[in-house]
Asks: 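Below you will find the structure I want to go over with you.
A, B, ... follow the sequence lines: proteins, then strands. Residue 1 opens every chain. It should be emphasised that the depicted structure is a prediction, and the values quoted were computed from it without experimental measurement.
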Protein chains: 2
Amino acid sequence: MATIQQTQTARPRQEATEAIRRAWTQELRAHGRRVTRQRLAVLSAIHRAPHSTADAIVASVREELPTITMQSVYVVLADLTNIDMLRKFEPPGTPALYETRTGDNHHHAFCIRCLRVEDVDCAVGEAPCLIPSEHHGMTFISADVLYRGICADCQQEIDREIVAQNTTLS
Amino acid sequence: MATIQQTQTARPRQEATEAIRRAWTQELRAHGRRVTRQRLAVLSAIHRAPHSTADAIVASVREELPTITMQSVYVVLADLTNIDMLRKFEPPGTPALYETRTGDNHHHAFCIRCLRVEDVDCAVGEAPCLIPSEHHGMTFISADVLYRGICADCQQEIDREIVAQNTTLS
DNA sequence: TAGTTATTATGAACAATTCACAATAAAAAG
DNA sequence: CTTTTTATTGTGAATTGTTCATAATAACTA
C-alpha cells in the first residue's frame, strides 16, 4: 500500500558531499556570514529533504545538534533566504517550505491531497512566464508557477476507494 | 506625490449592479446556500475592491452591517471560495486576498514594495502553464502564476530617491 | 589568545486564521 | 401567515506559524 508522505520528494536527495559543504562555507563567507555548525546543519537538512517545513528542518537538525531552537532555525532560514542560498515558497494552506535549489527559475507541482511537492522545470522554452501579455508597467523579478493537482499515488488511492464504494453499494 | 496603496487595484471596480446581485443570489441558491445580507455584502465588498484582505473586507462590510464579526466573514469567505464564487490567493508575506473574478485562469502581478496586486491574463496563448514539461504523473487542476516585481509607481519613487541621494552626496 | 561582533538561545508576543458551541434568521412546510 | 427546520451568524477562545527583544555564546580578526 502506498503511504502518504507529507512534503517529501519522490527521489530524495543524498547527504551533502564534502564538496557541497565547502561550497556552502565559501558562499556564506562571500556574503559576510559566519560559518556555524547550525547553518551548515540547516543547509544539510534541507539538501537531504528538499521542500521541508521549518518543523521538519528543526527535527532533522536536532539529530546532529539536539539543543538548537526553533527560533534560531527561523533566523537562519530567513537570513539564508535573503542571500539566496535558500528558496522559500508557500503553498496555500501549508507552512512555508524550503529548498537549496536556487537561481534556476524552476516551479512547483503541489498535490492538494497529500501535500507532496515536486520540482517542475519551466514549461515552454526558457522562461515563458516571465513575459506576460499585459504587465501594467511593472518590472518583473520572478514568475513562480504553482501547479495544483492530484499526484499519481493519490489518484490511484482515490480510484481504489471508488471501486470499494461501488462494491459495497451494489 | 504618488501614494502607496496597499492591495488595491489601479482601476477600482464599480458598485455591483442589481443584475450582478441577482446572479449572486441565483448562484448561492444553486449551490444550496442561503441568501443572507452578510453574504451579499461580502461579495459586494470584494467586487468593489478586488484583492482585498479579510480585514479590509470586514471594514467595508461594516459600513452596511456594523455588527458583522470577523469570524463570520472568515466563514463566508471559506464557503464561497469552496463553491468557486470567490478566488483566494496568498502572496508571500501578506494575508490572503480575495476576488470575485473566478474560473478564467488569470494570474497575478505583485509589487514587492507596495504590495499592490494586478490581474494578468495568461502569458502565451490559451493556458500554457497548464502543460509543464515533466509532470510526475500528476493530474493538474490549476496553474497559478505569481509575477513578483516592482510596479511603475514604486520604480519612479526609487529613481527619485536615488537622484536625491546623489544630489546630497556630491 | 583576547577582543569584537555576528549568531544563537531564551522567553514572550503576534497576526491570521480556525474551532466549538449558542443565538439567530432564511427557507420549507403546514 | 405562522411554525418548524436547519443553515448561517455571533461569541469567545484557541491554535498555528512566525517574529520580536534581549541576553548568552562562539566565530572570526588582530
Asks: Taking all atoms of both residues into account, what is the closest heavy-atom pair of Asn105(A) and Ala143(A), and its distance?
Replies: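 Minimum heavy-atom separation between Asn105(A) and Ala143(A): ND2-O, 3.8 Å.
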
Asks: Quick one: list whatever passes side-chain contact (heavy atoms from CB on, under 4.5 Å) with Arg34(A), sequence neighbours left out.
Replies: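 With neighbours one apart ignored, the set is Thr36(A).
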
Asks: Is Ser60(B) reaching over with its side chain to a backbone N or O of Ala56(B), donor-acceptor style, under 3.5 angstrom?
Replies: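 The answer is no, because no donor-acceptor pair under 3.5 Å joins these two groups.
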
Asks: Tell me the bend of the helix from dT1(C)-dA30(D) to dG30(C)-dC1(D) as the angle between end helix axes, each from five pairs, rounded to the nearest 10 degrees.
Replies: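 Overall, the helix from dT1(C)-dA30(D) to dG30(C)-dC1(D) bends by 40° from one end axis to the other.
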
Asks: Per the salt bridge (charged side-chain N to carboxylate O under 4.0 Å, His left out) rule, what does the pair list look like for residues 59-83 of chain B, sequence neighbours excluded?
Replies: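 Applying salt bridge (charged side-chain N to carboxylate O under 4.0 Å, His left out) to every pair that reaches into residues 59-83 of chain B, excluding sequence neighbours, yields Arg33(B)-Asp79(B), Arg39(B)-Asp79(B).
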
Asks: What are the 5'-most and 3'-most nucleotides of DNA chain C lying under 4.0 Å from any heavy atom of chain B?
Replies: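 Contacts span dA16(C) to dA27(C), reading 5' to 3'.
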
Asks: Checking the side chain of Thr102(B) only, and the main-chain atoms of Leu86(B) only, is there a donor and an acceptor separated by less than 3.5 Å?
Replies: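 No, because the side chain of Thr102(B) does not come within donor-acceptor range (under 3.5 Å) of the backbone of Leu86(B).
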
Asks: Any Lys/Arg nitrogen of Arg113(A) or Glu161(A) sitting under 4.0 Å from an Asp/Glu carboxylate oxygen of the other?
Replies: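 Salt bridge between Arg113(A) and Glu161(A), a charged N being under 4.0 Å from a carboxylate O: yes.
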
Asks: Determine, for Arg116(B) against Asp153(B), whether the closest basic-nitrogen to carboxylate-oxygen distance falls under 4.0 angstrom.
Replies: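 Looking at Arg116(B) and Asp153(B), the cut-off is met.
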
Asks: Using a 4.0 Å heavy-atom cut-off across all strands, classify Ala96(B) as base, sugar-phosphate, or nothing.
Replies: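 The answer is sugar-phosphate, as Ala96(B) gets under 4.0 Å only of primed atoms, P, OP1 or OP2.
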
Asks: Tyr147(B) and His108(B): ring pair (Phe, Tyr, Trp, His ring centres under 6.0 Å), yes or no, with the steps?
Replies: CA-CA 6 Å; Tyr147(B) 298 97; His108(B) 294 112; 9.7 Å; no

Asks: Checking all strands, does Thr36(A) fall into the base, sugar-phosphate, or nothing category for heavy-atom contacts under 4.0 angstrom?
Replies: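 Thr36(A): backbone/sugar contact only, no base atoms under 4.0 Å.
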
Asks: Look at Lys88(B) together with Asp144(B) and state whether they make a salt bridge at an N to O cut-off of under 4.0 Å.
Replies: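 No, no charged N to carboxylate O under 4.0 Å.
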
Asks: Between Met70(B) and Val35(B), which has a closest nucleotide on DNA chain C that is more 5'?
Replies: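 The residue mapped nearer the 5' terminus is Met70(B).
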
Asks: Not counting sequence neighbours, list each pair that qualifies as a ring pair (Phe, Tyr, Trp, His ring centres under 6.0 Å) and has a residue in residues 53-84 of chain A.
Replies: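 Every pair satisfying ring pair (Phe, Tyr, Trp, His ring centres under 6.0 Å) with a residue in residues 53-84 of chain A: there are none.
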
Asks: Under 4.0 Å from any heavy atom of chain A: name the first and the last nucleotide of DNA chain D that qualifies, 5' to 3'.
Replies: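 Range of nucleotides touched by chain A: dG17(D) to dC28(D).
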
Asks: What's Arg37(B) touching, base or sugar-phosphate or nothing? Going by heavy atoms closer than 4.0 Å.
Replies: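 The residue Arg37(B) makes no contact with any strand.
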
Asks: Taking NZ, NE, NH1 and NH2 as the nitrogens, is one of them in Asp119(A) or Arg87(A) under 4.0 Å from a carboxylate oxygen of the other?
Replies: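 Salt bridge: no.
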
Asks: Starting from the 5' end of DNA chain C, give me the residue, Gln71(A) or Val75(A), whose nearest nucleotide shows up first.
Replies: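 Nearest nucleotide further toward 5': that of Val75(A).
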
Asks: What is the nucleic acid contact for Gln38(B), judged by heavy atoms within less than 4.0 Å: base, sugar-phosphate only, or nothing?
Replies: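 If one applies the 4.0 Å heavy-atom cut-off, Gln38(B) turns out to touch the sugar-phosphate alone, with no base involved.
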
